[in-house]
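The first residue of the sequence shown is numbered 1, and numbering continues consecutively from there.
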Amino acid sequence: MFTPQGPTLRELAVQALSSTMRGYDLLAPKFDRTPYRTPDRVLEAVGDAVRPLGPFDRGLDVCCGTGAGVGVLRGLCRERATGVDFSAGMLDVARAGLTGATGGPPVDWVRADALALPFTRAFDLALSFGAFGHFLPEERPGLFGQVHAALRPGGLFVFPVGAPPAVGSRAYWSLLGFDLAMRARNALWRPPFVMYYRTFPLAGVVDDLVGTGFTVRLLPLEEFGRRPDGSPRVRLVVAARP
């Protein structure tokens, strides 16, 4: 996909007709060669913004995929970093990518559904990158509740959220078209593949976090600039468990 080393059109078609979990198992070996991997620029910006909010002993990457966010945690946490994902294929790639790495805390890889996390008051910091499109809006309170339970009192749940594209822009129509295509696919084909770009509006996300018991603040990530109206192009959501 967009590079000779990325997945072929046929591989993407097979993935798209699979379940979400099976699709990512299939995509895993080539995932880091697709545009879906979180860019290093975003990872670095989040790490730089979160570092002054510490110190942190133990961190959790929710829906860690191939482990890009775990790399951020290894630069922030003193004792241990944990990546959790429901795709065995993605975890295999993450584990292999860390083989031989030096420095930073030890890392655990855990296969589990983010809607049923096997942790209680275990972490000072949780983060997530690029995973929320895999959860329907009605699932958000349950997801946030699981993260809340996994954090120690005073722990933080952080993640970046980009501003929506301007109505009528090329990006607007591209994301709208993708979501409509996925809705049609899921209406006609089973098992569903849950992946949407327009189901995570910031206002609704903040309301769900507050309803789960978090206190929330928003930090602009100035590295990404501002929109014509002066609002940040990217914000960091910082949700604290009291």
Q) Roughly how far, to the nearest 0.5 Å, is the CZ atom of Phe214 from the CZ atom of Arg241? A) 8.0 Å

Q: Pick out which of Val70, Leu156, Val158 makes a side-chain contact (heavy atoms from CB on, under 4.5 Å) with Leu127.
A: Val158

Q: Working to the nearest 0.5 Å, report the span between CZ of Arg140 and CZ of Phe200.
A: 6.5 Å

Q) Taking side chain as C-beta onward, heavy atoms only, is Leu53 less than 4.5 Å from Leu125? A) no

Q: Specify the closest pair of heavy atoms between Pro164 and Arg227, including all atoms of both residues, with the distance to one decimal.
A: O-NH1, 2.6 Å

Q. Is any side-chain heavy atom of Phe193 less than 4.5 Å from a side-chain heavy atom of Ser19?
A. no

Q.
Looking at Thr34 and Tyr36, would you say the former's side chain and the latter's main chain have a donor-acceptor pair under 3.5 Å?
A. yes

(Q) Pairing donors with acceptors under 3.5 angstrom, does anything connect the side chains of Ser231 and Asp229? (A) yes

Q. Looking only at atom types and distance, does a side-chain atom of Thr20 sit under 3.5 Å from a main-chain N or O of Val194, one as donor and one as acceptor?
A. yes

Q: Considering non-hydrogen atoms only, spot the tightest contact between Asp208 and Pro137 and give its length.
A: OD2-O, 4.4 Å

Q: Take Tyr196 and Arg183, measure what side chain to side chain contact (heavy atoms under 4.5 Å, CB included) needs, and give me the verdict at the end.
A: CA-CA 9 Å; Tyr196 299 106; Arg183 290 187 185 281; 3.5 Å; yes

Q. If only atom types and distance count, is the side chain of Arg198 paired as donor or acceptor with the main-chain N or O of Phe178 below 3.5 Å?
A. no

(Q) A side-chain contact here means heavy atoms from C-beta on lying under 4.5 Å apart; do Pro160 and Val42 qualify? (A) yes

(Q) Using every non-hydrogen atom in the two residues, find where Ala114 and Val62 come nearest and quote the distance to one decimal. (A) CB-CG1, 4.1 Å

Q) Between His148 and Phe157, does the ring centre distance come in under 6.0 Å? A) no

**Q.** Ala49 to Pro52 - nearest heavy-atom pair and separation
**A.** O-CD, 3.4 Å

Q) Any donor-acceptor pair under 3.5 Å linking the side chain of Asp25 with the backbone of Ala88? A) yes

Q. Is Arg190 atom CZ crowded by more than 12 heavy atoms from other residues, nucleotides or ligands, each under 6.0 Å away?
A. yes

Q: Write down the atom of Gly142, the atom of Leu115, and the distance for their closest heavy-atom approach.
A: C-CD2, 4.2 Å

(Q) Return the CG to CG distance between Leu60 and Leu73, rounded to the nearest 0.5 Å. (A) 7.5 Å

Q. Does the pair Val216 and Val205 meet the rule for a side chain to side chain contact (heavy atoms under 4.5 Å, CB included), with working shown?
A. CA-CA 10 Å; Val216 180; Val205 168; over 6 Å; no

(Q) Can you confirm whether Arg78 is buried at CZ, in the sense that more than 12 heavy atoms of other residues, nucleotides or ligands lie under 6.0 Å from that atom? (A) yes

Q | Side-chain donor or acceptor of Asn186 paired with backbone N/O of Pro192 under 3.5 Å | A | no

Q) Step by step, would you call Val50 with Phe56 a side chain to side chain contact (heavy atoms under 4.5 Å, CB included)? A) CA-CA 10 Å; Val50 173; Phe56 307 103; 3.7 Å; yes

(Q) Quick one, Val161 with Val234, criterion side chain to side chain contact (heavy atoms under 4.5 Å, CB included). Give me CA distance, side-chain angles, the key distance, then yes/no. (A) CA-CA 6 Å; Val161 175; Val234 183; over 6 Å; no

Q.
Using a 3.5 Å distance criterion without hydrogens, assess whether the side chain of Ser174 forms a donor-acceptor pair with backbone atoms of Arg170.
A. yes

Q) Is there side-chain contact between Glu79 and Pro105, with at least one heavy-atom pair below 4.5 Å? A) no

Q. For the side chain of Trp189 and the backbone of Leu17, is there at least one donor-acceptor N/O pair under 3.5 Å apart?
A. yes

**Q.** From CG (Leu43) to CZ (Arg41), nearest 0.5 Å
**A.** 12.0 Å

**Q.** Separation of Tyr197 OH from Asp179 CG (nearest 0.5 Å)
**A.** 8.5 Å

**Q.** Beyond-backbone contact of Asp85 with Val110, side-chain heavy atoms, under 4.5 angstrom
**A.** no

Q. What's the shortest heavy-atom distance between Leu91 and Cys64, and which atoms?
A. CD2-SG, 3.6 Å

(Q) Could you tell me if the side chain of Val84 sits less than 4.5 Å from the side chain of Trp109, heavy atoms only? (A) no

(Q) Working note: Lys30 + Glu11, criterion salt bridge (Lys or Arg N to Asp or Glu O under 4.0 Å); need CA distance, chi angles, decisive distance, verdict. (A) CA-CA 10 Å; Lys30 297 183 178 181; Glu11 289 170 331; 3.1 Å; yes

Q) Does the ring centre of Phe159 sit less than 6.0 Å away from the ring centre of Phe132? A) yes

(Q) Quick check for you: to the nearest 0.5 Å, what is the distance between Leu151 atom CG and Thr120 atom OG1? (A) 11.0 Å

Q.
Please determine whether salt bridge (Lys or Arg N to Asp or Glu O under 4.0 Å) holds for the pair Asp124 and Arg152, giving the CA-CA distance in whole Å, both sets of side-chain angles, and the decisive distance to 0.1 Å.
A. CA-CA 6 Å; Asp124 310 293; Arg152 297 166 176 166; 3.1 Å; yes

Q: Please confirm whether the backbone N or O of Pro220 pairs with a side-chain atom of Arg235, one donor and one acceptor, at under 3.5 Å?
A: no

Q: Would you confirm whether Asp108, through its side chain, and Thr82, through its main-chain N or O, come within 3.5 Å as a donor-acceptor pair?
A: no

Q: Show the numbers, then the answer: is there a ring-ring contact (aromatic ring centres under 6.0 Å, His included) between His134 and Tyr24?
A: CA-CA 11 Å; His134 298 301; Tyr24 275 99; 5.0 Å; yes

Q. Does a side-chain heavy-atom distance below 4.5 Å link Cys77 with Asp57?
A. no

Q: Evaluate the side-chain proximity of Val210 to Thr215: yes if any heavy-atom separation is below 4.5 Å, no if none is.
A: no

